[in-house]
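Note sheet for the following structure.
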Amino acid sequence: MKVTFLGTGTSVGVPSVGCQCSTCLSDDQRDKRLRTSVLIEHGDHNILIDASTDFRQQALRIGLRKLAAILFTHSHADHCFGLDDTRPIMFREGAMPCYASEKTWEGLRRIYAYAFEPNGYPGVPRIIPHVIEGDFELRGLRVEPLTVNHGGLNVTAFRIGGFAYVTDCNVIPEETCARLRGLDLLVIDALRLKKHPTHMTLDESLGYIGQLKPRRALLTHISHDIKHEETSARLPAGVEIAYDGLSVEIE
Ligand SMILES: [Zn+2]
Ligand SMILES: [Zn+2]
Ligand SMILES: [Zn+2]
């Protein structure tokens, strides 16, 4: 299984429009962050976690041709506004299986109401909705959905074998922590250095990493407060800042 970071930036992306800070003006490609999403390649199958606002650009960049399914963490704009841009794949390959919690479907059905209307325009996204209620099989992979807290909102994290994807949260409940042991790779939210009501600070992420002890941890959903080279220099062994285009092979 291969995991590729399509985007590692917070909701406004980095650079942030009009910002003149040193991260936004940085020449380092690792400081150029599209909105957060990963692609999982498993055999012949591509599985997308979140269809970010930048999905079209991300898909063109890697030459993506097909998708077996999309898993959604939640329905905030930066995680689902790219669903409409997966239509060329739907037109070629047929309707797209999409997996989300009931809460996330409430948002997706509202945002994409036109896709669920009977007798609508033929060019709408073709979605096969699956409501996540527990572990499920997807193209030979066992997917374990886990709940994390994003301010007042429950967001779905995903564990697939030794890989876990935990973004958009400020708290990981005890019962979820219990299911995040023995990981080869933990991808975890680390928005910025200052406290935030719905995301983890770098120190909070490092706290969870210290407790969960994955073999390797990669930080994502990063704002311009974090400059890749500067902040990387002070991270503990086994913890790195993810960047767009990074691919990791997992057993
Ligand atoms: Zn987000
Ligand atoms: Zn900036
Ligand atoms: Zn969010």
Side-chain angles (χ1 to χ4, degrees), residues 5-39 48-55 57-58 70-85 98-112 132 145-158 164-173 176 186-202 204-205 208 218-231 241-244:
F5 289 83
L6 302 183
T8 55
T10 188
S11 60
V12 297
V14 180
S16 162
V17 172
C19 186
Q20 301 290 300
C21 80
S22 71
T23 307
C24 288
L25 296 177
S26 165
D27 291 330
D28 188 337
Q29 283 305 309
R30 298 168 304 178
D31 287 321
K32 308 218 177 292
R33 304 172 185 133
L34 297 177
R35 266 59 72 86
T36 293
S37 166
V38 288
L39 183 73
L48 184 69
I49 305 187
D50 288 334
S52 94
T53 318
D54 295 311
F55 171 78
Q57 191 182 344
Q58 292 164 336
I70 306 174
L71 312 181
F72 287 97
T73 58
H74 63 311
S75 63
H76 282 167
D78 50 326
H79 298 262
C80 77
F81 271 24
L83 178 56
D84 202 82
D85 283 338
C98 293
Y99 293 80
S101 70
E102 187 52 56
K103 180 74 192 163
T104 299
W105 276 117
E106 275 174 33
L108 293 174
R109 283 204 170 85
R110 180 172 42 77
I111 294 162
Y112 291 102
I132 292 175
L146 303 167
T147 300
V148 293
N149 304 135
H150 185 28
L153 180 70
N154 279 347
V155 164
T156 309
F158 296 98
Y165 189 73
V166 183
T167 191
D168 287 60
C169 58
N170 57 326
V171 173
I172 306 178
T176 293
L186 171 66
V187 177
I188 187 168
D189 182 315
L191 179 74
R192 65 183 195 187
L193 308 175
K194 283 194 311 269
K195 191 82 184 154
H196 189 277
T198 65
H199 287 277
M200 288 192 210
T201 62
L202 176 61
E204 287 167 337
S205 305
Y208 279 111
L218 286 163
L219 310 175
T220 195
H221 212 291
I222 300 155
S223 81
H224 60 174
D225 279 12
I226 292 178
K227 202 169 181 180
H228 191 96
E229 192 162 9
E230 225 170 79
T231 307
I241 301 171
Y243 53 87
D244 294 19

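The shown structure was predicted, so the numbers you read here are calculated from the model rather than taken from an experiment. Note that the numbering runs from 1 along the sequence shown for the chain. Both counts, for ligands and for their atoms, begin at 1 and track the order of listing.
Between S52 and L34 the shortest side-chain heavy-atom distance does not fall below 4.5 Å.
With a cut-off of 2.8 Å, the Zn ion (ligand 1) has no N, O or S atom of H199 in range. At a cut-off of 2.8 Å, H74 does not coordinate the Zn ion (ligand 1) through any N, O or S atom.
With 3.5 Å as the limit, one finds no donor-acceptor pair spanning the side chains of H196 and N170. Of the N and O atoms on the side chains of N154 and T147, not one donor lies less than 3.5 Å from an acceptor on the other residue. For D189 and H199, the side-chain atoms include at least one donor-acceptor pair closer than 3.5 Å.
Between the SG atom of C19 and the SG atom of C24, the angle taken at the Zn ion (ligand 2) works out to 110° after rounding to 10°. Considering the Zn ion (ligand 2) as centre, the angle to SG of C21 and to ND1 of H224 is 110° (10° rounding).
Distances from the Zn ion (ligand 3) to the N/O/S atoms of H76 are shortest for ND1. Considering just the N/O/S atoms of H150, the one nearest the Zn ion (ligand 3) carries the name NE2. Nearest N/O/S atom of D168 with respect to the Zn ion (ligand 1) is recorded as OD2. Looking at D78, its N, O or S atom nearest to the Zn ion (ligand 1) turns out to be OD2.
Smallest separation of non-hydrogen atoms from T220 and V187: CG2-CG1, 3.6 Å. Nearest heavy atom pair, residue R192 against residue S223, reads CB-OG, 3.5 Å.
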